[in-house]
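For reference, the structure is listed below as C-alpha cells.
Note on naming: letters A, B, ... go to the chains in the order of the sequence lines (proteins, then strands), and numbering restarts at 1 for each one.
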Amino acid sequence: MKNREIASMFYEMADVLEMQGVDWKPNAFRKAARSIEGLSAPIEQVYAKGGVKALMEIPGIGQALSSKIEEFLKTGKMREFDKLVKSIPAGVEEMMHVPSLGPKKVMVLYKKLRIKSLAELESAAKAGKLNKLAGFGAKSEQHILRGLGILKQGAGRSLLGVALPLAREFAERLSQVPGVKKAEPAGSLRRMNESVGDIDILVISSKPEKVMDFFTNMPEVQSVLAKGPTKSTVILKDGIQSDVRVLDEKSFGAALQYFTGSKDHNIILRQIAIKKGCKLSEYGLFKKDRYVCGRNEKEVYAKLGLPYIEPELRENQGEIEAALKHKLPKIIPYDAISGDLHMHTKWSDGLHTIEQMARAAEKMGYKYIAITDHSKSQHIAHGMEEKRLVQYLKEIDKVQDKVKIRILKGSEVEVLADGSLDYSDKILKQLDIVLAAVHSGFKAPRLQTTKRILKALSNPHVNILVHPTGRLINQRDPLDFDFDKVASFAAKQGIALEIDSYPARLDLKDALARRAVELGCKLSIDTDSHAVDHLRFMELGIAQARRGWVETKDVINAWPLAKLEKFLCR
DNA sequence: GCCGTTTTCGGCCCGACTGTTTTCAGTCG
C-alpha cells in the first residue's frame with residue numbers, strides 16, 4: 001500500500017514549498033496528502049482500475065498531482081519530489097517540525113546562520129546565537145529549546161483508548177472550577193479518531209481566568225506553551241499536548257462544531273456559509289456581523305441547510321453530500337451491542353476466569369458472550385491442546401449453569417502458514433463459534449497472504465475473521481493482502497469480519513469497515529478482552545464502526561441471540 | 001495546485017496567542 005508513502009512525500013513537498021515562500025501550493029499538496037491518507041483502497045489499485053482519470057476523482061487531486069502519482073507508481077520515483085527535497089538540506093526541513101518554528105523562521109536560521117540540522121539548532125540556541133537575529137529574542141530561544149525537547153520526547157499521537165479517559169477526567173475536573181457551567185472534550189478525540197495528537201477541551205465559564213489558572217496548574221502539566229485570557233496550551237508529563245478554550249454560552253455550539261473539525265469538514269461548512277452570505281467562526285454563524293446562531297451544533301447545521309452530522313462522520317468523506325441529500329447513514333448507536341464475541345480467560349492468556357468474565361459481561365447488560373481462548377499453536381499465549389480444550393468446554397458448561405446470559409463456546413483458532421486451521425474439523429464442529437486469526441507472517445507477500453486467508457475462510461466452520469489486518473497502531477503495519485477479494489469472499493461465505501476494539505488494534509479500521517459493508521460483509525464488534533477491565537473497550541470499536549458509516553443491521557452482535565445463532569450455523 | 005448552481009481565472013477558513021513590535025508577522029489549531 002503506497003498511500004502513506006505518497007502522502008508523506010506530498011507533506012514534505014509542501015514543507016519545502018512553504019519555506020521557499022510559495023503561496024497556496026503547499027495547501028494544495030497537504031490537502032491532497034490528507035485525502036490520500038483517508039482513502040480506503042490502495043492507491044495503486046485505484047490507478048490500476050481507472051488510470052489517471054480515477055486518480056483525479058480523488059478530492060484535491062488534479063492534473064498535476066495525478067501525473068506525479070502516476071510517475072511514482074510506474075517508476076518508483078517522483079522527479080519533482082527529488083528536485084524539491086534536494087533544494088534544501090534534509091535537516092532544515094526537519095527543523096519545521098520543532099514546535100514554535102515554522103517556514104519563515106527556519107529559513108531565517110538557515111540563510112543567516114547556516115543552521116541546517118536539529119543538532120546545530122540546539123547548540124546555537126544554547127550558545128545564545130539566535131537572539132541577535134531580527135525577529136528572534138531570548139524567549140524565542142527558550143521556546144526553540146523547549147520545542148526540541150518536545151520533539152525528542154517523541155510527543156507523537158496517543159491512542160484514543162489512552163487519551164479518551166484522560167480527556168474525560170480533565171473535563172470532569174474543569175467542570176468543578178467556580179464559574180464553569182460546562183466542559184466538554186472536542187477535537188479529533190470527539191470524532192473518535194483512532195489516535196489523537198492532542199486533547200482539546202471546551203469550557204463555558206463566567207470566569208475564564210479561573211479556568212486558565214486551574215488548567216495550567218494541574219499536576220499532570222509539564223510545561224505551559226501558551227496562556228491567554230481564554231485559551232491555553234500545555235504539554236502533559238506523558239508528552240500529550242492539551243488545549244483548553246473558554247467561550248460564552250451563546251458560542252458554545254459553534255465552538256464545539258469548530259473545534260471538533262475535521263479541518264476539511266469545516267472548510268466546506270464555511271464555504272456553504274459564505275455562499276449563503278454568512279460567516280461561520282467559533283463564535284457563531286453571522287450575517288453581516290449580526291449573530292444568527294451558535295448555542296448548539298444542531299442549529300448551526302440547520303441554518304446551513306443541513307441535518308445534524310455525528311462527530312464521527314465529520315471527515316469530509318462524503319458526509320456533507322449525503323447530508324444535503326438527506327441520505328446520511330443511521331450509524332450504530334453506542335448502546336446497540338447485545339454481546340461480546342471475542343475474549344480470553346485464564347485457560348489461555350487471559351487474566352480472569354470464565355465465570356469472572358461472564359459475570360462482568362452480565363453486569364454490562366449483555367445478553368450473550370463468546371469465550372474464545374487461543375488454539376494450540378499459540379504457545380506463548382498458552383493455547384490449548386485438544387485435551388485441554390475438552391476440559392475448557394466442560395468448564396464453560398458449568399459456568400453456563402450459574403449465569404443468566406448465554407455463553408457461546410468458542411476459540412480463536414490460528415490460521416497456519418498454509419492457510420489451514422489449527423484444529424481439525426472434528427474439533428471445530430463442537431464449537432458454537434469459531435474465530436480465525438492470523439498472528440504470523442506479517443512480511444509475507446500480498447498474493448501469498450491473500451491466498452492464505454482465502455483458504456482459511458474456505459473452512460466451513462469459521463464464523464469470524466478477527467483483527468483482519470493484524471495491524472498495531474504506530475507499531476506494526478497491516479498484513480498485505482487483497483482486501484476487496486477477502487471481504488467479498490467472506491460475504492459470500494457468511495463469515496463476518498471483526499472490528500477488534502483493543503486500543504492498539506482497532507482493526508478493521510474505519511475506512512476498511514466501510515468498504516467491507518459496501519462489499520456485503522457483516523461485521524462483529526468485539527473487545528478481544530484479556531481481563532474484565534478490557535470489556536469497556538467496546539466503545540472504541542463501536543466508534544470505529546460509526547466512523548465507517550456502519551449501521552446496526554450490519555453488526556451481528558447487535559442482533560438478538562436467535563438471529564445470531566442462525567448466522568453462526570452456516 | 002485545485003476547483004467551479006455567482007468564476008476556466010481568481011479565489012482559496014478564521015481567529016488566538018506570542019514576541020518583538022511601536023502596528024504586526026509568525027505560528028498554531
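Taking atom P in both B:dC28 and B:dT23, the straight-line distance is 25 Å, to the nearest Å. Across the C1' atoms, B:dT6 and B:dG10 are found 13 Å apart, a figure rounded to whole Å. Distance noted for atom C1' between B:dT20 and B:dC13: 27 Å (whole Å). With C1' as the reference atom, B:dC3 and B:dT8 are 9 Å apart, rounded to whole Å. Going from the C1' atom of B:dG26 to that of B:dT21 covers 12 Å, rounded to whole Å. Rounded to the nearest Å, the gap between the P atom of B:dA16 and that of B:dG11 is 25 Å.
An OP1 or OP2 oxygen of B:dC17 is reached within less than 4.0 angstrom by a side-chain nitrogen or oxygen of A:Thr230. Listed pair A:Gln63 / B:dC3 fails the phosphate criterion, with no side-chain N or O lying under 4.0 Å from OP1 or OP2. Proximity of A:His143 to the phosphate of B:dG19: a side-chain N or O atom is located under 4.0 Å from OP1 or OP2. Using a 4.0 Å cut-off, some side-chain N or O of A:Lys279 falls inside it from OP1 or OP2 of B:dG15. Close to B:dG1, at under 4.0 Å from its OP1 or OP2, lies a side-chain N or O of A:Lys25. An OP1 or OP2 oxygen of B:dG4 is reached within less than 4.0 angstrom by no side-chain nitrogen or oxygen of A:Lys275.
In this structure, A:Asp198 and A:Glu141 both approach DNA chain B, and ranking their closest nucleotides by distance from the 5' end singles out A:Glu141.
Considering only side-chain atoms of A:Lys139, the nucleotide from B:dC14, B:dG29, B:dT20 that sits closest is B:dT20. Across B:dG29, B:dG19, B:dC14, the shortest atom-to-atom separation from the side chain of A:Arg270 is found for B:dC14. Considering only side-chain atoms of A:Ala64, the nucleotide from B:dC13, B:dG15, B:dC2 that sits closest is B:dC2. Each of B:dC14, B:dC2, B:dC13 was ranked by its minimum atom distance to the side chain of A:Leu65; first place goes to B:dC2. Among B:dC12, B:dG26, B:dC13, the nucleotide with an atom closest to any side-chain atom of A:Lys105 is B:dG26. Here B:dC13 is the nucleotide among B:dC2, B:dC17, B:dC13 with the atom lying nearest to any side-chain atom of A:Ile274. Of the candidate nucleotides B:dG15, B:dG19, B:dG26, B:dG26 has the atom nearest to the side chain of A:Lys104. With distances taken from any side-chain atom of A:Glu282 to the nucleotides B:dC2, B:dG15, B:dC17, the minimum falls on B:dG15. Side-chain proximity of A:Glu80 to the nucleotides B:dG15, B:dG1, B:dG26 is greatest for B:dG1.
Residue A:Ala14 is classed as having no contact, given no heavy-atom separation below 4.0 Å to the nucleic acid. Within the 4.0 angstrom heavy-atom criterion, only backbone atoms of the sugar-phosphate kind lie near A:Lys227; the bases stay farther away. Among the atoms of the strands shown, none is found under 4.0 Å from any heavy atom of A:Glu18. A:Leu269 comes within contact range of no nucleotide atom at all, as no heavy-atom separation falls under 4.0 Å. Note on A:Pro99: only backbone sugar-phosphate atoms sit closer than 4.0 angstrom, heavy atoms only; bases stay farther off. Using a 4.0 Å heavy-atom distance criterion, A:Ser232 is classed as making no nucleic acid contact.
Classification of A:Glu518 and A:Arg515 as a salt-bridged pair holds, one side-chain N sitting under 4.0 Å from a carboxylate O. The pair A:Glu551-A:Arg514 fails the salt-bridge criterion, with no side-chain N (NZ, NE, NH1 or NH2) lying under 4.0 Å from an Asp/Glu carboxylate O.
Within the cation-pi definition used here (under 6.0 Å to the ring centroid, within 45° of the axis), A:Lys105 qualifies as a partner of A:Phe136. Geometric assessment of A:Arg290 against the ring of A:Phe286 yields a negative cation-pi assignment under the 6.0 Å and 45° thresholds.
Residue A:Tyr258 places no side-chain atom within donor-acceptor reach of the base of B:dG15, judged by atom type and a 3.5 Å distance cut-off alone.
What you find for A:Ser501 and A:Gly541 is that their closest heavy atoms are OG-CA, 3.2 Å.
With rounding to the nearest 0.5 Å, the separation of NZ in A:Lys287 from SG in A:Cys278 is 4.5 Å.
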